[in-house]
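From a predicted model like this one, the values you see are computed outputs, not experimental measurements. In the text below, chain A, chain B and the rest are named by the order of the sequence lines, each starting its count at 1.
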Amino acid sequence: MVYDHKSIEKKWQELWERTSAFVVTEDTGKKKTYLLVEFPYPSAEGLHVGHPRSYTAMDVLARKRRANGENVLYPMGFDAFGLPAENYAIKTGQHPAVITKQNIDNFRRQLKSLGYSFDWSREVVTTDPSYYRWTQWIFLQLYKHNLAYKAKAVINWCPSCKIGLAHEEVVDGKCERCGTQVEQREKEQWMLKITEYADRLLADLETVDYASRIKTQQQNWIGKSEGYTVNFKITDSELKIKVFTTRLDTLFGGTFIVMAPEHPLLENLVTAEQKIAVDDYIGATRSKTELERKAEDKDKTGVFTGSFAINPATNEAIPIWIADFVLMGYGTGIVFADAHDERDFMFAKKYNIPLKTTIKPIDGSDDTEIRKLEICFSEKGVLYDSEEFSGLTSDEAIPKMAKKFGQPSVQYKLRDWVFSRQRYWGEPIPMVYCKNCAATGSASSGWVPVPEKDLPILLPQVEKYEPTDTGESPLAAMRDWVKTTCPKCKGEAERETDTMPNWAGSSWYFLRYCDPHNSKQLASPEKLKYWLCTPNSPSRSTKCEGGVDWYNGGMEHTTLHLLYSRFWHKFLFDIKVVPTSEPYAKRTSHGMVLGEDGQKMSKSRGNVVNPDDVITTYGADTIRVYELFIGPFADAAPWNTQGISGVRRFLDRVWYLALPYENEAERGQTSDTTKRHVAKLIKKVTEDIEAFRFNTAIAAMMEFVNYAYACESAKTPIPLEALKVLLVVLQPFAPHLTAELWERVSKEQVVVWLAPWPRYKEEDIVEDEVVVAVQVNGKLRGTVRLSIGATEEEYIAAAHGNENVARWFLGKTIQKTIVRPGKLVNFVVTE
RNA sequence: GCCGCGGUGGCGGAACUGGUAUACGCGCAGGACUCAAAAUCCUGUGGGGGCAACCUCGUGAGGGUUCGAUUCCCUCCCGCGGCACCA
């Protein structure tokens, strides 16, 4: 009887569907576990073979934890707002909602064909009005708490997508999505004050269990820097300027000031005779792209303002320059410059600005080249020519100088989140602009939030989805929709026509899974508490005491989705909507599945593998096991067709091994060796699943099957009990195959996915005899068998008894003997 | 430039707190079955030497610590990922 994966998989998938096998409720009698994978964007191409890697891994954990008696929530949904559906709509004239529905149906079919134990009754779709109603509601709360504001800002504009991008969506000066070089445009945008949460987003990384590379990336992105601000007076003026520095110790060497070309104070500082030169320079800077500005690493440009400032340390007048290497968006947009910074040094050399060194190396090494200004010394060291601070080290001097010259200041690289998108297929931003209220001052900005009872603001049906070059959303053309009454003064008002970025819906979807059909709230506090809070932990402490238990997703979302959703969650915690301060207690990332050629899969390379084809040929269980066996979970791995047939061979061997005997009495009895193999199998698979080491868990199962086959050929087949253990531990990986075999051989009422996870005794693993390595001078010269309780003397005697070992003693003296029980004996010999 | 991760057979990769390097899988070679092939099963498989027992070299390179190093330390080379004119 052959292993017919098609009929077996169909049979069990239908049963799971019919019986709602994996639907969960809030059962307080059980330990809860909330496992989460990033929900997919339902593209027209269908599932990528990369998706099953993450989903299967978490499904294995979910099935294992369930077998272990835990109440497991493992939900799935779709993140369906976004550009591809809209672009496809433009091309075909179909409504994005129609396209999205088709794609979701296809994705759902594919996911079900892989046998995942998702609770499908909790499916959420971000484009569903009953869902985005709450996305809009969260926006209103952010607005109420002054965390959403509209401001004119220079933003990154993608001329191809015709959309403004968040800082996080620009990679190497290019659009993250399409790779087109971005332009700088000034535009009114809704912004979210994520910077207000910078410190907590950074500090609370200590309270969560994230893979270290994820933490590091978030830390880098937030980019906290502790330093000081220093005030400089302007000569012949009442004006003062403020600079930020982390190197206050170099203040005595500060011989000029540099300001960002965009700095608003410039108009007060540029002298009449310098005005033309400055205007030229600023004009030239504006025409450069961000990429061009960055590329000028070696060739810094700038212009003198004509004004001078007083260095508070030396009381000397120092020139104020403008240069585009100083960024308006960081610090105060002004720096003081000195000989101990590479950029300042280069800039001063180019424009013949005087420099002065005030720091020498701490180790006292020769500093003539530094003093002669031939090279730049930018490290910390020992101060000189710095009045009472001379002789101090940089670290000693900084706090002392701060008392006299500066105020402590913390700066972040993180910038506020640009939240407006000029496209159709996104959540409408629930705000209206009222001229009347702006004039009367009842809403000074003119922006009035839509009342919560009016949510959701539905996307209107439009004729055309085309984005515009002017940066206006297609919604702006829908005059009937745009025209509305002001909720405040009931006068004429206009709706906001920009929509939210696709990161909005995914920032909180895991909360909705807890209570997906709630029409009164985003989710009920009781349900959120059940699924998010670790039992028995004090609630509402500042430390994270819960969240999703384990969240797996792509590395590419570390500075986007992960940071955004932590921000929203912390806000929702502050307004007492959610019970934990962090959304995810644990976060891991999977490695990419590459094409057979080791390259990223892409249509243009022609190396794309379609999961449907693999399922048809080899079966869902085979692709599940293969994707986890392919290599360490966190590493990228190339697809390999021969590797997949190896996995299929393994499952075939399980199939033939576990088919029922005509006469079950012919099976063997449990030997100590079998007992040991079974115990080792349970231990290895149990531990490896929890550590996401699936490749070695599968290897252990293969070894067990090889052992079972060896027993068969020796005419002592392993007993049914051992076989059943194999089926239970293999169940999370190959749920269909094991369900079928279990039904045929187990003689039990309970189905395999409800069978309890097996336990083992540590003593069953220990062998009576151990093989001990015998080394001479650290080199292996033989092995001996010893009983487990052997004394040290017996170890040495046995080692001496080995013929090959004895040969190495001829003409030598044993200086030392090292015995490691159960491991080895090592003789140290000399001539 | 800075930060992080990694470099092990022909290939994907194993190796616990330093203790028999190369588990498991792929590939390859030989054998069984077959008219033959495929599938399946069995055996072998790091390099060099030897009829063999064994010997020797071997985890990117070089050095160090240790009875013993893929594992710890130093220097360097290469690859991957992130950040990057951040004052």
For a quick test of reading the model: is some side-chain N or O of [X] closer than 4.0 Å to OP1 or OP2 of [N]?
| X | N | result |
| --- | --- | --- |
| A:Asn695 | B:A14 | yes |
| A:Thr216 | B:C83 | no |
| A:Arg649 | B:U40 | yes |
| A:Trp808 | B:C55 | yes |
| A:Asn706 | B:A23 | no |
| A:Tyr412 | B:C86 | no |
| A:Arg653 | B:U40 | no |
| A:Lys816 | B:C67 | yes |
| A:Arg781 | B:U56 | yes |

With a 3.5 Å cut-off and just heavy-atom distances, do the side chain of [X] and the base of [N] make a donor-acceptor pair?
| X | N | answer |
| --- | --- | --- |
| A:Asn826 | B:C67 | yes |
| A:Gln642 | B:G25 | no |
| A:Arg213 | B:G4 | no |

Looking at every strand, decide which applies to [X] at a 4.0 Å heavy-atom threshold: base, sugar-phosphate, or nothing.
| X | result |
| --- | --- |
| A:Asn804 | sugar-phosphate |
| A:Val828 | sugar-phosphate |
| A:Arg807 | sugar-phosphate |
| A:Ile630 | sugar-phosphate |
| A:Val771 | base |
| A:Thr783 | base |

Counterpart base for [N], defined by Watson-Crick or G-U wobble contacts under 3.5 Å:
| N | answer |
| --- | --- |
| B:C2 | B:G82 |
| B:A15 | none |
| B:U20 | none |
| B:C41 | B:G31 |
| B:A36 | none |
| B:C76 | B:G60 |

Which nucleotide wins on minimum distance to the side chain of [X], given the candidates [options]?
| X | options | result |
| --- | --- | --- |
| A:Phe629 | B:G81, B:G12, B:G19 | B:G12 |
| A:Gln775 | B:G4, B:G19, B:A87 | B:G19 |
| A:Pro632 | B:C85, B:C67, B:A14 | B:A14 |
| A:Asp324 | B:C83, B:C85, B:A21 | B:C85 |
| A:Lys413 | B:A87, B:C86, B:G19 | B:C86 |

Rounded to whole angstrom, note down the [atom1] distance from [N] over to [M].
| N | M | atom1 | answer |
| --- | --- | --- | --- |
| B:C11 | B:A23 | P | 15 Å |
| B:C57 | B:U22 | C1' | 15 Å |
| B:A15 | B:G64 | C1' | 24 Å |
| B:A39 | B:G27 | P | 9 Å |
| B:C74 | B:U17 | C1' | 23 Å |
| B:G31 | B:C55 | C1' | 30 Å |

In whole Å, what is the span from the [atom1] atom of [X] to the [atom2] atom of [N]?
| X | N | atom1 | atom2 | result |
| --- | --- | --- | --- | --- |
| A:Leu824 | B:A15 | CG | P | 20 Å |
| A:Lys242 | B:A87 | NZ | C1' | 16 Å |
| A:Asp338 | B:C85 | CG | P | 19 Å |
| A:Arg820 | B:G68 | CZ | C1' | 10 Å |
| A:Glu767 | B:U20 | CD | C1' | 15 Å |
| A:Leu780 | B:A15 | CG | P | 21 Å |
| A:Glu703 | B:A15 | CD | C1' | 12 Å |
| A:Phe733 | B:C24 | CZ | P | 18 Å |

Using a strict cut-off of less than 4.0 Å between a Lys/Arg side-chain nitrogen and an Asp/Glu carboxylate oxygen, indicate whether A:Glu627 and A:Arg53 qualify as a salt bridge. no
So does A:Arg343 pair up with A:Asp341, basic N to acidic O under 4.0 Å? yes
Among A:Ile644, A:Leu594, A:Asn607, which one satisfies side chain to side chain contact (heavy atoms under 4.5 Å, CB included) with A:Trp639? A:Ile644
Expected label for B:G9 (glycosidic angle, syn inside 90° of 0, else anti) would be syn
Any donor and acceptor pair, going by atom type alone, linking the side chain of A:Lys356 with main-chain N or O of A:Thr255 inside 3.5 Å? no
With distance as the sole criterion, is a donor-acceptor pair present between the side chains of A:Arg653 and A:Asn706 under 3.5 Å? yes
Yes or no on ring pair (Phe, Tyr, Trp, His ring centres under 6.0 Å) for A:Phe692 and A:His590, after CA distance, side-chain angles and deciding distance? CA-CA 10 Å; A:Phe692 266 32; A:His590 54 266; over 10 Å; no
Taking the six-membered ring for Trp and the full ring for Phe, Tyr or His, determine whether the centres of A:Phe244 and A:Tyr228 are under 6.0 Å apart. no
Return whichever of A:Asp635 or A:Met702 has its heavy-atom-nearest nucleotide of RNA chain B closer to the 5' end. A:Asp635
First encountered from the 5' end of RNA chain B, between A:Gly646 and A:Asn220: A:Gly646
Do we get A:Lys224 above A:Tyr412's six-membered ring, with its NZ or CZ under 6.0 Å from the centre and within 45° of the axis? no
For A:Phe304 against A:Pro319, the heavy-atom pair lying closest together: CE1-CB, 3.4 Å
